[in-house]
Protein chains: 2
Amino acid sequence: MSGPHWWRHRFRGCGYRLTFPRQAILELLSKTSKHLSAKEIYSAVHKIYPAIGLTTIYRTLDLLVQMGLLKKFDFGDGQSRYELASGIKKNHHHHLVCVKCGKIIDYDDFVKEEIELVKKVEEALSKKYNFEIKDHKIQFYGICSKCK
Amino acid sequence: MSGPHWWRHRFRGCGYRLTFPRQAILELLSKTSKHLSAKEIYSAVHKIYPAIGLTTIYRTLDLLVQMGLLKKFDFGDGQSRYELASGIKKNHHHHLVCVKCGKIIDYDDFVKEEIELVKKVEEALSKKYNFEIKDHKIQFYGICSKCK
DNA sequence: GTCTCTGCAAACGTTTTGCAGGCAA
DNA sequence: TTGCCTGCAAAACGTTTGCAGAGAC
């Protein structure tokens with residue numbers, strides 16, 4: 001579920017092209033466990049490909065989110081953050097956000113139970129509201145050990 | 001848990017003053033079940049108090065969130081949205097967001113089970129990461145009946 | 001009267017758009 | 001060769017800040 005070959009295939013399947021910026025962004029997010037912002041991604045890619053523009057970063061991120069390869073998050077710091085979607089090299093997890101310093105912890109405790117409940121809720125909501133549910137986000141907010 | 005009297009008391013307790021803009025914003029959010037943005041709140045308050053400035057709206061919303069009277073949400077439409085906190089005239093609920101038209105449905109199915117699981121997760125995370133957990137947000141994303 | 005609160009204007013940072021040129025297929 | 005993709009510049013947008021005056025207590 002990763003690497004240039006698979007990506008090319010995935011892009012072709014949607015009628016898109018595999019270009020250097022797209023590949024670079026996917027590779028970067030494959031290698032990190034952080035939740036990077038557009039600017040951080042720009043800085044990192046800029047180091048290996050100085051010709052890149054911020055606009056391309058934004059457009060590429062939108063595309064990858066739309067293709068289901070990335071997930072977009074808002075942790076309340078005024079900018080969107082991105083990570084590889086679950087299943088694409090990453091395990092299912094949720095986030096624990098420190099409201100003081102912005103630190104984010106990925107946790108996967110009780111994920112089994114969560115998934116079970118989420119399934120039940122999704123089924124009930126789909127029926128009750130005739131909604132086609134695609135995704136969910138669960139976040140906990142608090143104060144981390146350092147900030148206490 | 002509402003009304004000018006209770007509010008005044010609550011403000012005084014924190015060393016704040018109960019002013020017209022603060023009262024108007026609280027009253028507005030008490031009366032609606034919608035998830036209003038700063039601009040929408042501005043427009044609504046502006047009708048009964050044309051002297052109000054957008055700045056005041058933002059500052060007041062921040063204050064009310066910090067006091068625990070409001071909750072701030074991001075539904076992915078590029079602006080923050082606000083509603084009365086649970087317990088202040090509102091029942092505990094979560095959100096179902098249409099990614100096409102932005103429609104938001106408040107649901108409270110399985111809230112009992114959710115709260116139970118949330119408690120378990122909170123306990124586990126508090127211990128494991130030494131985190132003081134204050135809040136959580138759960139959102140489902142999908143496509144509503146009209147947009148299908 | 002004190003000190004908080006407010007409105008205005010301007011600034012700020014992130015994200016989006018228009019357009020001409022570049023490059024994958 | 002085609003037309004998707006890119007970079008630049010500029011604009012748009014939500015939000016924040018500085019400051020002088022107004023108003024709650």
Side-chain angles (χ1 to χ4, degrees), chain A residues 4-26 35-67 69-70 72-82 102, chain B residues 4-5 7-26 28 35-67 69-70 72-82 102:
Chain A
H5 277 298
W6 184 73
W7 293 335
R8 169 163 280 112
H9 196 257
R10 192 80 159 64
F11 277 103
R12 294 294 296 274
C14 302
Y16 300 130
R17 296 172 180 169
L18 181 56
T19 61
F20 189 86
R22 292 173 181 185
Q23 198 167 321
I25 290 174
L26 278 170
H35 315 80
L36 299 176
S37 68
K39 230 179 190 171
E40 287 166 349
I41 293 170
Y42 171 74
S43 301
V45 174
H46 183 84
K47 280 180 194 160
I48 58 166
Y49 183 55
I52 192 101
L54 230 196
T55 308
T56 302
I57 301 289
Y58 278 107
R59 280 193 284 228
T60 304
L61 290 171
D62 277 352
L63 183 72
L64 297 176
V65 167
Q66 183 212 304
M67 288 173 71
L69 296 174
L70 300 187
K72 184 177 184 177
F73 291 93
D74 171 84
F75 296 124
D77 65 342
Q79 59 202 305
S80 296
R81 295 185 169 272
Y82 300 82
Chain B
H5 277 298
W7 295 334
R8 169 163 280 112
H9 196 255
R10 191 81 159 64
F11 277 102
R12 294 293 295 272
C14 302
Y16 301 130
R17 295 173 181 170
L18 181 57
T19 61
F20 190 85
R22 293 174 181 183
Q23 198 167 320
I25 291 174
L26 278 170
L28 173 65
H35 316 79
L36 300 176
S37 67
K39 231 179 190 168
E40 287 166 349
I41 293 170
Y42 171 73
S43 300
V45 175
H46 181 84
K47 280 178 193 162
I48 57 166
Y49 182 55
I52 193 102
L54 231 194
T55 309
T56 302
I57 302 290
Y58 279 106
R59 280 192 284 227
T60 304
L61 289 171
D62 278 354
L63 181 74
L64 297 176
V65 167
Q66 181 213 303
M67 288 173 71
L69 297 175
L70 300 187
K72 183 178 185 177
F73 291 93
D74 171 83
F75 295 125
D77 65 342
Q79 59 200 308
S80 296
R81 293 183 170 275
Y82 301 81

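Chain naming here is simple, since letters A, B, ... match the order of the sequence lines and numbering starts at 1 in each.
- Once rounded to the nearest 0.5 Å, the distance linking CG of Leu70(A) with OH of Tyr82(A) reads 8.5 Å.
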How far apart are the C-alpha atoms of Ile41(B) and Thr60(B), what are their side-chain angles, what is the distance that settles it, and do they pass the side chain to side chain contact (heavy atoms under 4.5 Å, CB included) test? CA-CA 11 Å; Ile41(B) 293 170; Thr60(B) 304; over 6 Å; no
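- Between the CG atom in Leu36(B) and the CD atom in Gln79(B) there is a gap of 10.5 Å [rounded to 0.5 Å].
- The structure places CZ of Arg12(A) at 10.0 Å from CG of Leu18(A), a figure rounded to the nearest 0.5 Å.
- Both Pro21(A) and Leu54(B) lie near DNA chain D, and the one whose nearest nucleotide falls closer to the 5' end is Pro21(A).
- Separating the OG1 atom in Thr19(A) from the CD1 atom in Ile25(A) is a distance of 8.5 Å, to the nearest 0.5 Å.
- Across the protein-nucleic acid pair, Arg59(B) atom CZ and dT16(D) atom C1' stand 9 Å apart, rounded to whole Å.
- Between Leu26(A) and Phe11(A), some side-chain heavy-atom pair lies under the 4.5 Å cut-off.
- In 5' to 3' order, the nucleotides of DNA chain C bounding all contacts with chain A (an atom under 4.0 Å from a heavy atom) are dT14(C) to dA25(C).
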Between the protein and nucleotides 9-12 of chain D, list the N/O to N/O atom pairs that are separated by less than 3.5 angstrom.
residue : atom : partner  : partner atom : Å
dA9(D)  : N6   : Thr55(A) : OG1          : 3.3

Check nucleotides 21-25 of chain D against the protein and report each pair of N or O atoms closer than 3.5 Å, with its distance, or say if there are none.
residue : atom : partner  : partner atom : Å
dG23(D) : N2   : Arg17(B) : NH1          : 2.9
dA24(D) : N3   : Arg17(B) : NH1          : 3.2
dC25(D) : OP1  : Leu18(B) : N            : 3.2
dC25(D) : O3'  : Arg12(B) : NH1          : 3.4
dC25(D) : O3'  : Arg12(B) : NH2          : 3.3

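- No side-chain heavy atom of Gln66(A) sits under 4.5 Å from any side-chain heavy atom of Asp62(A).
- Atoms OG and CD1, from Ser43(B) and Ile52(B) in turn, are 11.5 Å apart once rounded to the nearest 0.5 Å.
- The closest side-chain heavy-atom distance from Phe75(B) to Asp74(A) is not below 4.5 Å.
- Among the protein residues, Ser80(A) comes within range of the sugar-phosphate backbone only, with heavy atoms under 4.0 Å from sugar or phosphate atoms but none that close to a base.
- Side chain of Arg22(A) to main chain of Leu63(A): no donor-acceptor pair is present (N/O by atom type, distance under 3.5 Å, no hydrogens or angles).
- The shortest distance between the side-chain N/O atoms of Tyr49(A) and the OP1/OP2 oxygens of dG7(D) is below 4.0 Å.
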